[in-house]
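Report on the structure given below.
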Protein chains: 2
Amino acid sequence: MNKKLVCEFENLVGRENVMAEQADRQAYSYDSAVLEPVVPALVVRPETSAQLGKTVRLCNENGLPLTVRGAGTNLSGGTIPAAPNAVVVTTNGLSGIIEINSEDMYAVVEPGVITAQFAAAVAAKGLFYPPDPGSQTVSTLGGNVAENAGGLRGLKYGVTKDYVMGIEFFDVNGELVKSGSKTVKCATGFNLSDLMVGSEGLLGVFSRIIFKLIPPPKDSRAMMAVFDSVEKASETVSAIIAEQIVPCTLEFLDNFTIRTVEDFRHAGLPTDAGALLLIEVDGHPAGVEDDAEKIRKICEQKGAGKIQRAGSAAEKDLIWQARRDALPALARLKPTTVLEDATVPRSRIPEMVKKIRDIGEKYHIDIGTFGHAGDGNLHPTILTDKRDKDEFARVEQAIDEIFEAALAMGGTLSGEHGIGLAKRKYLEGETSRGTIRYSRRLKETFDPVNILNPGKVIGD
Amino acid sequence: MNKKLVCEFENLVGRENVMAEQADRQAYSYDSAVLEPVVPALVVRPETSAQLGKTVRLCNENGLPLTVRGAGTNLSGGTIPAAPNAVVVTTNGLSGIIEINSEDMYAVVEPGVITAQFAAAVAAKGLFYPPDPGSQTVSTLGGNVAENAGGLRGLKYGVTKDYVMGIEFFDVNGELVKSGSKTVKCATGFNLSDLMVGSEGLLGVFSRIIFKLIPPPKDSRAMMAVFDSVEKASETVSAIIAEQIVPCTLEFLDNFTIRTVEDFRHAGLPTDAGALLLIEVDGHPAGVEDDAEKIRKICEQKGAGKIQRAGSAAEKDLIWQARRDALPALARLKPTTVLEDATVPRSRIPEMVKKIRDIGEKYHIDIGTFGHAGDGNLHPTILTDKRDKDEFARVEQAIDEIFEAALAMGGTLSGEHGIGLAKRKYLEGETSRGTIRYSRRLKETFDPVNILNPGKVIGD
């Protein structure tokens, strides 16, 4: 980028908050998706809302593509710079929790607040912020909102979108737009704040977010159930839901994942199990005991082998460690990990898990599947080596088939990772020509110069 | 409307589904807001999605303003035809429940389905659709979505928006746009379905809506608590929330409303009470007994006089009858009822109730206040006679002050009734110039000819 323009950014945010050196810019060229890196022209770190707005305007005035980046844990390429002349705007200088209001049960935050830190601050005040995406110890609330991040608690507690009460964001002219409210109910004007949720950086740049908080559950019970087949585990999931029990978490691990985690952690997982279900119920003490007992019975009826109930916080931790280990353990196997999240209605999980297995065999690639069995959001995890062109070509074909299968089953391309670059080409297939047109018109209206994370989601 | 154009509509939907006679059109000239009626040029009743789409296109091609109407229970003028050349599109020919899927807990409906009928059909399948706007026995799901309707269960169960999983809608060209999914989690493309929620007929015309369903609560407890002052009742509300009890319903009636309801129903309500709280908790049987007991203690501590717990379904019904009677009883007092819904953070309820009382005294007008104390959504109900120009001028000034007060307390213009015509002028004050601009750009993009319910929400 020419020095004059760099100087303008430096004047805005201060010299120390602008990174122009090659080595620095390299660090912002990729995210957690397995896609080609793009080194941005500049990295800018605003420290106030006013600086953020002016940064957006300066980019727009100069036709510079702008990609906002929280922690870059994005799994679909949403935080890969759009082009070599792009500016990456990092939000870690905007990481203040402005307010946690216990009485009216809301919080106001800047976009760069780290999710788990926010959840802890909220818990310290005796409240609860449920969305717990796998990336939460590093990802940011702004990123979570841009992607409508999910997590393990989605079935009972919903996802990020369910907790957004309002957003203040900058349009491309650096003008502040406000939508939503600090009140539980709001029917005032267009629902622009929810339009921003899942907009993946394309429609506005967040300055403040208002989140809903809820009371924490009073008690919980956790258990692990072992099945000799995926089908039995899946039928158990359906039976639990049919009993109208809504666990706060209902996670699934397939045999490949179980063996891989055991190899990593040596915690004594049953390596010959067809599938594991990790289940947690929460709520009123009497209610959770009731639910836990019902679930235990259902697991038995459906043919579970061992059912291990956690008797203490430590035991509960061990159960969940198996789930937390899934991705890091799988990621050790090969140099490249492609984590997908095609989602189906939960009744189709057995079919989908079988389909993924068949696809893995068809293309001779390794796929471990774990995920959120309660809401149909599975994570087929493909282990490969991107440098092996032949194998990676097979991986890409396998991914195509996984998406086709999910859509054929009435599912959706993404449960929680977003469309980004990775799934653009499938979007019309799931929706319609009219949807793509409407979305593009939306984009063109709010970003006529096409600077806000261009090329993502709906292409150009 | 010229005969040729009328014929085009008749060819589309059939002669029997087009109303051109003056007497018929009169019936569609007003809604439940206290505003001037506007007789539309034509009323059209499509019976299929395809007819609906073509109707929209035909209106757009001929520059005819189009107002969609469910039951016309709209309280902000959203269903008053926009102009004398307008077409009203009624949805009562699109009233099919397409699917209720118990296993995956969703339903697909046409927009003209009556809310209470839907809730009953869902209950018959052992599931629960919580949003219960006061109009539910006549209002339609399409209307509820367009207004983001609320109801009594908002505090615990959320509002209509929290149950919309996806929408298929027509743009002005009659092209179908799809957003959302039948899966619990969806991070696929722009959140157009939530943009449609609360869009008050301005951005698209709904063809299908996918709703989330949840398991019904297993048990419930209801009670009525009598207070000699509004302050004590409000402090009780705050204390209940502070104990992290989330009642499914927490309703408030002021003295004016209590006396009016007693005069109507003669059920034995305490006419010298400063305020009544009507409370219901639901959930696990042990949990509700726990919560009910805690609430009873809190009411006592805060100085409640009588606390009456419902011991049977019939007694519970009597308690809720008082609340259901509030509006009809008040509406008997004078020819004109103006039902407002300025909403504040719940901690500001005592202040707001006092302010409303002061405003009533200042302008010498009768205001009864009841509403959703748990979420701050109060309904100051002004009883007047529109034909008395002097009094109505004072009413309009009083309403201005009520909105100013709500905004000054960090609240919002509308908790659940929408902006429509009635509150357009205040919208910028609550949001920002940038918000109005962004909203208008949105509108212009999707409705370049300005036919979809023009003039509402953001003006022209």
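Values below: all heavy atoms of this structure, side chains included; hydrogens, waters and symmetry mates excluded. Order of the sequence lines fixes the chain letters, A, B, ..., with proteins taken first and strands second; residue numbering starts at 1 for each chain. Computed from a predicted model, the values in this text were never measured in an experiment.
At least one donor-acceptor pair under 3.5 Å links the side chain of B/Asn191 to the backbone N or O of A/Asp194. In this structure a side-chain-to-backbone donor-acceptor pair under 3.5 Å is present from B/Ser432 to A/Leu176. In this structure a side-chain-to-backbone donor-acceptor pair under 3.5 Å is missing from A/Arg346 to B/Val184. A donor-acceptor distance shorter than 3.5 angstrom exists from the side chain of A/Gln244 to the backbone of B/Gly126, with no hydrogens or angles considered. A/Lys185 places no side-chain N or O within 3.5 Å of a backbone atom of B/Ser414 that could act as its donor or acceptor partner. With hydrogens and angles ignored, the 3.5 Å screen pairs no side-chain donor or acceptor of B/Thr183 with any backbone N or O of A/Gly411.
The line from OH of B/Tyr438 to CZ of A/Phe169 is 4.0 Å long, rounded to the nearest 0.5 Å. Atoms OG and CD, on B/Ser347 and A/Glu103 in that order, are 4.5 Å from each other to the nearest 0.5 Å. For the atom pair CG (A/Leu203) and CZ (B/Phe190), the distance works out to 4.0 Å, reported to the nearest 0.5 Å.
For B/Ser179, no part lies under 4.5 angstrom from a heavy atom of chain A. Both the backbone and the side chain of B/Pro216 have a heavy atom closer than 4.5 Å to some heavy atom of chain A. Of the two parts of A/Arg424, neither the backbone nor the side chain holds a non-hydrogen atom closer than 4.5 Å to a non-hydrogen atom of chain B. Residue B/Asp290 touches chain A through its side chain alone, counting heavy-atom pairs closer than 4.5 Å. The parts of B/Ile419 that come within reach of chain A are both its backbone and its side chain, each placing non-hydrogen atoms under 4.5 angstrom from that chain. Only the side chain of B/Lys161 comes within contact range of chain A, with at least one heavy atom under 4.5 Å from a heavy atom of that chain. Of the two parts of A/Glu200, only the side chain, counted from C-beta on, holds a non-hydrogen atom closer than 4.5 Å to a non-hydrogen atom of chain B. For a residue to count as touching a neighbouring chain, one of its non-hydrogen atoms must lie under 4.5 Å from one of that chain's; by this rule B/Glu175 touches chain A with the side chain only.
Listed options B/His372, B/Glu444, B/Lys218 were ranked by heavy-atom pairs under 4.5 angstrom with chain A; first place goes to B/His372. Ranked by heavy-atom pairs shorter than 4.5 Å toward chain A, the options B/Ala286, B/Gly415, B/Gly434 are led by B/Gly415. Between chain A and the options B/Thr445, B/Asn148, B/Thr431, the largest number of non-hydrogen pairs under 4.5 Å is found for B/Thr445. Taking chain B as the reference chain and counting heavy-atom pairs below 4.5 Å, the highest number among A/Val197, A/Ile241, A/Leu192 is found for A/Leu192. Chain A forms more heavy-atom pairs under 4.5 Å with one residue of B/Gly283, B/Pro285, B/Gly151 than with any other, namely B/Gly151. When the candidates B/Gly189, B/Ser102, B/Gly180 are compared by the number of heavy-atom contacts under 4.5 Å with chain A, B/Gly189 comes out ahead.
Salt-bridge annotation for B/Asp104 and A/Arg348: absent, with no side-chain N of the basic residue lying under 4.0 Å from a carboxylate O of the acidic one.
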For this session: Begin from the C-alpha positions of B/Leu442 and A/Phe446 and carry the test side-chain contact (heavy atoms from CB on, under 4.5 Å) through to its verdict.
Result: CA-CA 8 Å; B/Leu442 189 66; A/Phe446 293 118; 3.4 Å; yes
(request) With side-chain contact (heavy atoms from CB on, under 4.5 Å) as the test, would you mind laying out the steps for B/Asp171 and A/Arg441 before giving the verdict? (result) CA-CA 12 Å; B/Asp171 70 11; A/Arg441 283 207 301 273; 3.4 Å; yes
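Legend: residues meeting side chain to side chain donor-acceptor pair (under 3.5 Å) with A/Glu428, ordered by chain and number and at least two apart, are A/Arg433.
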